[in-house]
Amino acid sequence: MISTAFLAGCKLDITELWRMDGHQSTLLTAGPVAAEQKQVFMVTVWVTLVIFILVGSTLAYAMIKFRARTAEEEHAEPPPQGHGNPLVELSLIAASVGALVIIAVPTLRAIWYTYDVPVEQKDNVYEVNATGYQWWFRFEYPTEQATVKGAQKMPLVAANELVVPAGRPVRVNLRTADVIHSFWIPKLAGKVDMIPNRANFLWLKADEPGYYWGQCAEYCGDSHAVMRFRVVALPQKEFYEWLDQQTKPAREVAAQTAANDQPKAQFASWKGKTPDEFRQNEYGFSSEQLNVSPLEAWRGQQFPDKNEDPALVAQGRKLFGAKTCIACHTVRGHEGAGVTGPDLTHVGARTTIAAGLLENNPEQLRRWLHNPAAVKPGNKMAKGFIDNNIKLTAEDEIALVAYLESLK
Ligand code: CUA
């Protein structure tokens with residue numbers, strides 16, 4: 001259950017601290033790999049709990065039974081000191097070995113099982129490549145050819161939201177473009193490190209369609225703590241429909257008609273105002289829907305906004321080139337072809353921006369564009385703004401937001 005305080009986004013509810021059903025809970029698993037890992041954890045918990053109870057009760061018994069009761073006892077000579085009891089010592093060694101064996105058997109089995117897709121499921125594997133960057137994730141679908149222009153194709157590339165088929169094993173090849181990162185989706189699988197010049201991989205399977213929270217789990221610089229991602233598991237048919245849409249080039253927005261010649265009310269009210277400054281550790285920037293039924297929120301995100309303003313979108317597209325966004329970002333079929341930053345061909349269809357940190361809506365997107373350094377300290381876009389003296393007026397921000405949100 002999500003507590004009311006969390007939904008309201010006002011302040012931290014104390015019960016949050018011991019709830020075990022959070023978005024990144026490893027105790028409520030959603031796939032066989034995480035379930036296996038949890039099982040090893042639980043075996044260890046039970047074995048150590050038994051040891052704790054035995055040692056603790058022996059200690060308590062000795063403290064109570066042999067305590068000094070009078071002043072005389074307090075100052076008495078210590079009892080004769082022996083070297084120990086061979087029977088007790090041998091039994092303790094045997095018990096320790098026994099406890100270790102109880103833990104080792106499921107541990108070895110889990111290492112075997114979680115390492116790679118089981119042989120009998122190998123034919124059914126779906127393969128993706130994940131690459132860590134400071135501080136976001138690039139996802140490539142090597143078997144899917146995406147259209148650039150005409151007959152020109154390239155493997156499908158996305159960022160920060162990994163969409164996979166539910167109920168099917170997925171092999172994720174892990175690479176890094178810079179430092180060591182670690183790939184972790186607590187409810188599904190992980191953690192496995194992404195190490196320079198080393199080919200790592202992991203496998204995962206989502207039992208049911210769902211929306212899962214992921215996180216970089218290896219310290220990788222300034223914004224490590226906000227290097228997040230999502231895994232969206234879809235029913236097989238919906239997954240292929242999604243691939244169909246993603247492999248198309250970026251969406252072209254139809255020309256102005258009488259029905260959409262009014263600028264969006266939200267954008268009109270933004271004119272001349274700067275967005276709220278982003279505060280570190282800001283709490284509650286995802287909507288109730290994204291928290292409670294995230295998969296539905298994700299599905300809703302796949303469709304264009306009916307009130308979009310074609311003129312504003314066209315202006316944003318022009319600015320995307322003029323402000324040199326194209327040097328780092330690709331919008332396949334449009335102008336951009338940069339590879340330093342995330343592919344933005346279908347960015348409007350993602351539920352999050354800034355590597356899973358902010359919800360993808362016009363307001364948050366504008367805050368990101370307005371001051372990326374405040375959201376993600378040390379990031380390359382913020383540095384690019386300074387190095388290339390890029391300045392965005394409120395009108396520029398509004399147009400860029402309209403353009404990026406149109407890319408479904
Ligand atoms: Cu990437 Cu921590």
Side-chain angles (χ1 to χ4, degrees), residues 23-26 28-37 113-118 120-132 136-146 155-175 181-192 194 200-217 228-248 290 293-302 342-343 345-347 349-352 355-356 360:
H23 294 318
Q24 304 207 36
S25 171
T26 49
L28 293 176
T29 59
V33 175
E36 188 76 19
Q37 292 170 328
Y113 180 76
T114 58
Y115 178 68
D116 202 355
V117 183
E120 68 278 9
Q121 296 183 46
K122 277 250 158 86
D123 293 342
N124 196 25
V125 174
Y126 190 79
E127 192 154 339
V128 293
N129 301 333
T131 309
W136 58 281
F137 291 92
R138 175 182 188 269
F139 296 123
E140 189 189 9
Y141 298 74
T143 50
E144 316 298 339
Q145 289 298 307
L156 175 61
V157 173
N160 300 323
E161 293 192 355
L162 176 64
V163 179
V164 297
R168 204 172 145 183
V170 178
R171 193 178 195 272
V172 188
N173 298 310
L174 303 170
R175 305 289 187 270
H181 303 274
S182 180
F183 194 75
W184 187 36
I185 314 107
K187 290 189 175 188
L188 292 178
K191 320 158 173 166
V192 175
M194 303 165 128
N200 266 356
F201 64 89
L202 61 69
W203 78 280
L204 57 86
K205 185 160 92 176
D207 290 332
E208 301 288 335
Y211 183 96
Y212 306 100
W213 273 252
Q215 166 81 49
C216 174
R228 301 174 190 174
F229 65 103
R230 302 289 190 274
V231 174
V232 181
L234 297 177
Q236 190 93 340
K237 184 169 166 285
E238 195 182 350
F239 173 68
Y240 282 109
E241 285 164 6
W242 177 83
L243 280 178
D244 259 2
Q245 174 60 25
Q246 289 282 310
T247 47
K248 288 178 190 155
L290 190 56
S293 47
L295 187 57
E296 287 316 307
W298 181 88
R299 285 175 171 139
Q301 195 75 20
Q302 305 307 305
D343 185 296
T345 310
H346 297 282
V347 65
R350 296 178 199 145
T351 48
T352 59
N360 186 7

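Below, all heavy atoms of this structure are taken into account, side chains as well, without hydrogens, waters or symmetry copies. Remember, predicted model here, so these are calculated numbers, not experimental data.
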Single hit among Asn200, Asn129, Thr131 for side-chain hydrogen bond (donor to acceptor under 3.5 Å, both in side chains) with Asn173
Asn129
Please confirm whether the ring centroid of Phe229 lies under 6.0 Å from the ring centroid of Trp184.
no
Pair Tyr115 and Phe201, ring centroids less than 6.0 Å apart
yes
Short question: side chain of Arg230, backbone of Gly356 - any donor-acceptor pair under 3.5 Å?
yes
Can you tell me which residue pairs pass the salt bridge (charged side-chain N to carboxylate O under 4.0 Å, His left out) test with a partner in residues 160-175, sequence neighbours excluded?
Asp116-Arg171
What's the verdict on ring pair (Phe, Tyr, Trp, His ring centres under 6.0 Å) for Tyr113 and Trp203, showing C-alpha distance, side-chain angles and the deciding distance?
CA-CA 10 Å; Tyr113 180 76; Trp203 78 280; 5.5 Å; yes
For Thr351 and Leu290, run side chain to side chain contact (heavy atoms under 4.5 Å, CB included): C-alpha distance rounded to whole Å, both residues' side-chain angles, the deciding distance at 0.1 Å, then the answer.
CA-CA 8 Å; Thr351 48; Leu290 190 56; 4.0 Å; yes
List the atom of Glu140, the atom of Pro155, and the distance in Å for their closest heavy-atom pair.
OE2-CB, 3.4 Å
Heavy-atom pair with the smallest gap, counting every atom of Pro186 and Gln24:
CB-O, 3.3 Å
Output, in order, the C-alpha distance, side-chain angles, deciding distance and verdict of side chain to side chain contact (heavy atoms under 4.5 Å, CB included) for Gln245 and Glu241.
CA-CA 6 Å; Gln245 174 60 25; Glu241 285 164 6; over 6 Å; no
Using a 3.5 Å distance criterion without hydrogens, assess whether the side chain of His346 forms a donor-acceptor pair with backbone atoms of Ala158.
no
Check for me whether the distance between the ring centres of Trp298 and Tyr212 falls short of 6.0 Å.
no
Run the side chain to side chain contact (heavy atoms under 4.5 Å, CB included) check on Gln145 and Leu156 step by step: do they pass?
CA-CA 6 Å; Gln145 289 298 307; Leu156 175 61; over 6 Å; no
Determine whether Phe239 and Leu243 make a side-chain contact, defined as any pair of heavy atoms from C-beta on separated by less than 4.5 Å.
yes
Do Asn124 and Tyr126 come within less than 4.5 Å of each other through their side chains, counting heavy atoms only?
no
Would you check if the side chain of Asn360 reaches a backbone N or O of Val347 as a donor-acceptor pair within less than 3.5 Å?
yes
Please report the C-alpha distance between Phe137 and Cys216 in whole Å, then the side-chain angles of each, then the deciding distance to 0.1 Å, and finally whether the side chain to side chain contact (heavy atoms under 4.5 Å, CB included) criterion is met.
CA-CA 9 Å; Phe137 291 92; Cys216 174; 3.9 Å; yes
So which atom in Val172 and which in Ala130 form the shortest heavy-atom distance, rounded to 0.1 Å?
CG1-CB, 3.6 Å
Of all heavy-atom pairs linking Val33 and Leu204, the shortest is CG2-CA, 4.1 Å
Which residues pass the ring-ring contact (aromatic ring centres under 6.0 Å, His included) test with Trp213, sequence neighbours left out?
His23, Tyr211
Just by modelled atom types, is the Ala349 backbone N or O under 3.5 Å from a matching donor or acceptor in the Gln302 side chain?
yes
Take Tyr141 and Trp242 through the ring pair (Phe, Tyr, Trp, His ring centres under 6.0 Å) test and state the conclusion after the steps.
CA-CA 12 Å; Tyr141 298 74; Trp242 177 83; 5.5 Å; yes
Can you name the nearest heavy-atom pair linking Thr247 to Glu144, along with the distance?
CG2-CB, 4.3 Å
Does atom CD of Glu208 have more than 12 heavy-atom neighbours, drawn from other residues, nucleotides or ligands, at distances under 6.0 Å?
no
Side-chain donor or acceptor of Ser25 paired with backbone N/O of Leu28 under 3.5 Å:
yes
If you look at every heavy atom in Asp207 and Pro32, which pair is closest and at what distance?
OD1-CD, 3.5 Å
